[in-house]
Amino acid sequence: MRNILGANDDIAAQNRKVFAEHGVIVMNLMGSPGSGKTTLLEQTLARFADKIKIVVIEGDLFTAKDAERIEKSGVDVIQINTAGGCHLDAPMIQKVCASLDLDALDLIIVENVGNLVCPAEFDLGENFKAVVLSITEGDDKPLKYPLIFKESEAVLLNKVDLLPFTNFNLESARNDLTTLHPTIKIFETSCTTGAGLETWCAWLLKKLEAR
Amino acid sequence: MHEATLAENILDIALDAAEKNHATKILKIGLTLGEMTGVEVEALTLSFDVLKKDTPADCAELVVKRVPISAACNKCGKTFRLERYNFFCPECDGILILRSGRELLVEFVDCE
Ligand SMILES: Nc1nc2c(ncn2[C@@H]2O[C@H](COP(=O)(O)OP(=O)(O)O)[C@@H](O)[C@H]2O)c(=O)[nH]1
Ligand SMILES: [Mg+2]
Ligand SMILES: [Zn+2]
């Protein structure tokens with residue numbers, strides 16, 4: 001009997017060991033295309049950049065557009081193009097991390113390829129996963145794509161500024177998320193108004209202190 | 001989606017098993033797939049059928065067994081089969097911890 005993802009999982013375990021040895025925390029940030037992952041990162045980095053040393057790894061199908069946006073915030077960024085691949089995997093992360101001075105880092109944030117299915121299945125060796133679900137995607141997504149919400153330690157319900165213009169039911173989304181994953185941390189955020197971002201950043205900082 | 005990656009891995013595992021057994025032809029590959037994995041069996045089979053051409057798995061068939069989601073309570077210890085992703089214990093105020101449903105396994109490789 002063999003694990004179909006065994007090869008990936010073995011390298012993920014190696015990554016995890018290396019990250020722990022160097023005391024760097026790694027977050028795997030997932031979510032649909034357009035949910036606001038890159039915008040959230042820009043906002044998060046603006047609040048963090050002078051406090052902690054961060055590197056962002058940007059997973060993208062073909063372009064470097066997101067990486068260019070992150071670069072503007074003055075944070076080092078590494079681009080991985082998956083050339084159509086729908087997710088990042090552990091060997092990709094291992095390869096780019098080999099060129100990093102991990103001892104000098106506090107946090108690595110990986111923006112995964114926009115997709116609610118595949119990234120959830122591939123362990124990168126991260127300390128924890130977080131998923132961004134935007135209000136415009138609909139409140140039925142947690143039960144439609146349960147795995148990604150089950151795997152994530154935190155979910156950001158982003159674009160809450162758009163709540164008045166949609167039929168998104170916050171209470172029902174919160175309820176589905178909690179029954180699926182009773183310990184999940186739920187953040188309600190807006191990257192346009194800034195709502196909820198301080199709470200999110202405080203939680204992230206705590207994750208760093210706990211290491 | 002990622003079924004292509006899974007199909008590649010399955011083929012690698014099967015070819016490896018065949019080589020170890022000095023077999024030249026793979027007949028059947030048994031898979032165990034949990035209900036909580038995001039795998040579409042049809043897409044997986046399609047990918048596999050493309051990849052297997054001109055390999056010892058040319059005629060190999062995928063036989064899939066699905067594993068239902070089951071979870072055990074962290075308080076009363078009872079195990080439940082889940083239908084609707086409700087991870088609260090129906091019998092006490094405990095939380096259910098996933099026990100099965102995440103399997104992605106090659107169970108057997110039949111070759112000759
Ligand atoms: N109204 C609103 N728009 C947002 C918010 N967050 C991101 N956006 C917009 O959503 C679009 C997609 O954002 P982006 O960060 O590129 O999404 P990604 O594909 O997940 O990285 C952009 O036009 C953002 O300006 C938000 O909180 N509210
Ligand atoms: Mg992006
Ligand atoms: Zn119980």
Side-chain angles (χ1 to χ4, degrees), chain A residues 1-12 30 32-33 59 61 82-92 112-124 129 131 140-152 155 172-184, chain B residues 1-18 20 29-41 43-44 47-48 62 64-65 67 69 71 73-75 82-90 92-98 101-109:
Chain A
M1 189 167 72
R2 281 176 66 182
N3 180 355
I4 296 173
L5 291 180
N8 183 76
D9 290 355
D10 288 348
I11 297 198
M30 308 177 293
S32 299
L61 297 172
T82 59
C86 49
H87 58 272
L88 295 176
D89 61 30
M92 296 176 191
N112 217 313
V113 181
N115 182 328
L116 283 180
V117 182
C118 315
E121 206 77 73
F122 291 81
D123 188 3
L124 305 180
K129 298 182 171 82
V131 56
D140 57 344
K141 295 304 170 290
L143 294 190
K144 269 196 173 163
Y145 302 93
L147 185 61
I148 199 163
F149 296 95
K150 187 72 182 166
E151 286 283 314
S152 297
V155 53
S172 129
R174 278 184 164 276
N175 195 46
D176 288 348
L177 285 165
T178 315
T179 51
L180 171 67
H181 189 167
T183 56
I184 199 167
Chain B
M1 300 296 234
H2 65 299
E3 279 80 2
T5 310
L6 299 182
E8 260 172 54
N9 293 358
I10 291 165
L11 184 61
D12 284 347
I13 292 172
L15 292 176
D16 190 45
K20 277 191 186 128
I29 303 171
L31 306 178
T32 300
L33 306 176
E35 297 280 6
M36 189 108 189
T37 57
V39 187
E40 281 183 38
V41 175
L44 183 67
S47 291
F48 184 77
L62 295 181
V64 176
K65 185 175 90 189
V67 184
I69 304 170
C73 178
N74 66 355
K75 274 207 174 152
L82 300 197
E83 305 278 337
R84 310 199 134 188
Y85 306 118
N86 185 347
F87 284 83
F88 286 106
C89 181
C92 78
D93 60 350
I95 287 171
L96 304 181
I97 311 296
L98 202 66
R102 290 286 277 114
E103 295 79 0
L104 282 175
L105 301 170
V106 173
E107 200 73 44
F108 63 84
V109 180

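Here is the naming used below: chain letters follow the sequence lines, and residue numbers restart at 1 for every chain.
- Using a 4.5 Å cut-off between heavy atoms, N74(B) makes no contact with chain A at all.
- A heavy-atom distance below 4.5 Å is found between the side chains of R2(A) and D16(B).
- For chain A, the nearby part of I95(B) is the side chain; its heavy atoms alone come within less than 4.5 Å.
- Side-chain contact between R84(B) and T179(A) is absent, with no heavy atoms from C-beta onward closer than 4.5 Å.
- When each of L104(B), T37(B), V109(B) is checked for heavy-atom pairs under 4.5 Å with chain A, L104(B) comes out on top.
- A distance of 7.5 Å separates CG in L82(B) from CG in L98(B), rounded to the nearest 0.5 Å.
- Contact count against chain B (heavy-atom pairs under 4.5 Å) is highest for P182(A) among P119(A), G6(A), P182(A).
- Side-chain contact between E3(B) and F48(B) is absent, with no heavy atoms from C-beta onward closer than 4.5 Å.
- With respect to K65(B) and E103(B), no salt bridge is recorded, no charged nitrogen being found less than 4.0 Å from a carboxylate O.
- Ranked by heavy-atom pairs under 4.5 Å with chain B, the list I148(A), T178(A), D176(A), N8(A) is led by T178(A).
- Only the side chain of F122(A) comes within less than 4.5 Å of a heavy atom of chain B; its backbone N, CA, C and O stay farther away.
- Counting heavy atoms from C-beta outward, M30(A) and S152(A) have side chains that approach closer than 4.5 Å.
- Residue contact with chain A, scored on non-hydrogen atoms closer than 4.5 Å, involves the side chain of L33(B) exclusively.
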